[in-house]
Amino acid sequence: MDFFAAVLVAVVLLVAVVVTGRAGRRRAHLSLVAAALAALAVAVWRAEALGSRYDLESAGWITPVHLAIARATLLSYLLPIAAGLLTLRFPRVRPVHGRFAALALLLTALAAVTEAWMLGTAARLPGGGD
């Protein structure tokens, strides 16, 4: 699976996660969370492979900014996961879970934008890199 297909699958699954979460469809929501996290892992793996085809340092300041945002994004997913697990036992935590999930999704979108910016600015390596 190439990077763009992996991202598309991850986005579709994340939308389904939001829809089922807001609808209170717990079983479907939990299954989709697991699938979305797996899809995000594949997207990150494919992004690494795609990045090897570019001279990312040539993109300048956006590269370290993107990498910092990407790391923060990955760590941010721990917040809604932890709050979601707490919500199973303490339903009053649900609004916090929703806020943490929104933060993770916002950071995910920001990581995607900065990655596109970085790749659009970086010089492609001769021979494709891989």
Side-chain angles (χ1 to χ4, degrees):
M1 177 179 297
D2 77 345
F3 169 70
F4 299 104
V7 169
L8 179 62
V9 169
V11 167
V12 168
L13 288 168
L14 286 170
V15 168
V17 165
V18 171
V19 168
T20 56
R22 294 190 55 89
R25 296 181 52 214
R26 184 180 294 170
R27 188 173 303 230
H29 180 69
L30 293 173
S31 297
L32 286 165
V33 165
L37 291 174
L40 285 168
V42 170
V44 168
W45 171 59
R46 297 310 304 151
E48 290 283 329
L50 181 63
S52 71
R53 298 179 191 154
Y54 291 86
D55 173 13
L56 297 179
E57 288 188 22
S58 71
W61 64 269
I62 194 65
T63 298
V65 169
H66 165 69
L67 293 174
I69 292 169
R71 287 182 188 107
T73 300
L74 290 174
L75 290 174
S76 77
Y77 275 92
L78 296 174
L79 296 171
I81 290 168
L85 292 171
L86 282 173
T87 298
L88 295 173
R89 183 150 168 99
F90 305 104
R92 68 181 180 276
V93 178
R94 187 174 185 199
V96 173
H97 169 64
R99 286 187 210 101
F100 284 158
L103 173 65
L105 292 172
L106 176 66
L107 285 171
T108 301
L110 189 55
V113 167
T114 58
E115 180 167 20
W117 184 348
M118 178 182 69
L119 292 176
T121 308
R124 184 145 176 122
L125 292 172
D130 282 338

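Because the structure is predicted, anything quoted here is derived from the model rather than measured.
For H29, the side chain to side chain donor-acceptor pair (under 3.5 Å) partners at least two apart in sequence or on another chain are T20. Residues passing the ring-ring contact (aromatic ring centres under 6.0 Å, His included) test with W45, sequence neighbours excluded: none.
Membership of an apolar cluster is not assigned to L106, as no side-chain contact below 4.5 Å to another ILVMFWY residue is traced. Members clustered with L8: V12, by chain and number, using a 4.5 Å side-chain heavy-atom cutoff among hydrophobic residues.
The two residues R46 and F3 have their closest heavy-atom pair at CB-CA, 3.7 Å. Across all their heavy atoms, L13 and A35 have their closest contact at CD1-O, 3.6 Å. Taking both residues in full, the closest heavy atoms of A111 and A70 are given as CB-CA, 4.3 Å, listed atom of the first, atom of the second, then distance. Contact detail for V17 and A36: the closest heavy-atom pair is CG2-CB, 4.0 Å. Across all non-hydrogen atoms, the minimal contact from L50 to Y54 is O-CD1, 3.3 Å. Of all non-hydrogen atoms in H66 and M118, the two that sit nearest each other are CD2-CE, 3.6 Å.
The hydrophobic clustering, which links ILVMFWY residues whose side-chain heavy atoms are closer than 4.5 Å, places F4 and V11 together. L67 and I69 fall into different hydrophobic clusters, where Ile, Leu, Val, Met, Phe, Trp and Tyr are joined by side-chain heavy atoms under 4.5 Å apart, directly or via other members. The hydrophobic clustering, which links ILVMFWY residues whose side-chain heavy atoms are closer than 4.5 Å, places L74 and L37 apart. In the hydrophobic clustering of this structure, L107 does not group with V44; members are Ile, Leu, Val, Met, Phe, Trp, Tyr whose side-chain heavy atoms approach within less than 4.5 Å, directly or through other members.
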Can you give the donor-acceptor pairs under 3.5 Å from side chains of residues 56-65 to other protein atoms, not counting sequence neighbours?
residue : atom : partner : partner atom : Å
S58     : OG   : D55     : O            : 2.5
S58     : OG   : A123    : N            : 2.8
T63     : OG1  : L56     : O            : 2.6

For residues 76-87, run the donor-acceptor check on the side chains, cut-off 3.5 Å, and write out each pair with its distance to 0.1 Å, sequence neighbours left out.
residue : atom : partner : partner atom : Å
S76     : OG   : T73     : O            : 2.6
Y77     : OH   : T108    : OG1          : 2.6
T87     : OG1  : A83     : O            : 2.7

*Derivation and outcome, side chain to side chain contact (heavy atoms under 4.5 Å, CB included), residues V9 and V42*: CA-CA 10 Å; V9 169; V42 170; over 6 Å; no

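Distance check: R92 CZ to H97 NE2 gives 15.5 Å after rounding to the nearest 0.5 Å. The distance from the CZ atom of R25 to the OG atom of S31 is 10.0 Å, given to the nearest 0.5 Å.
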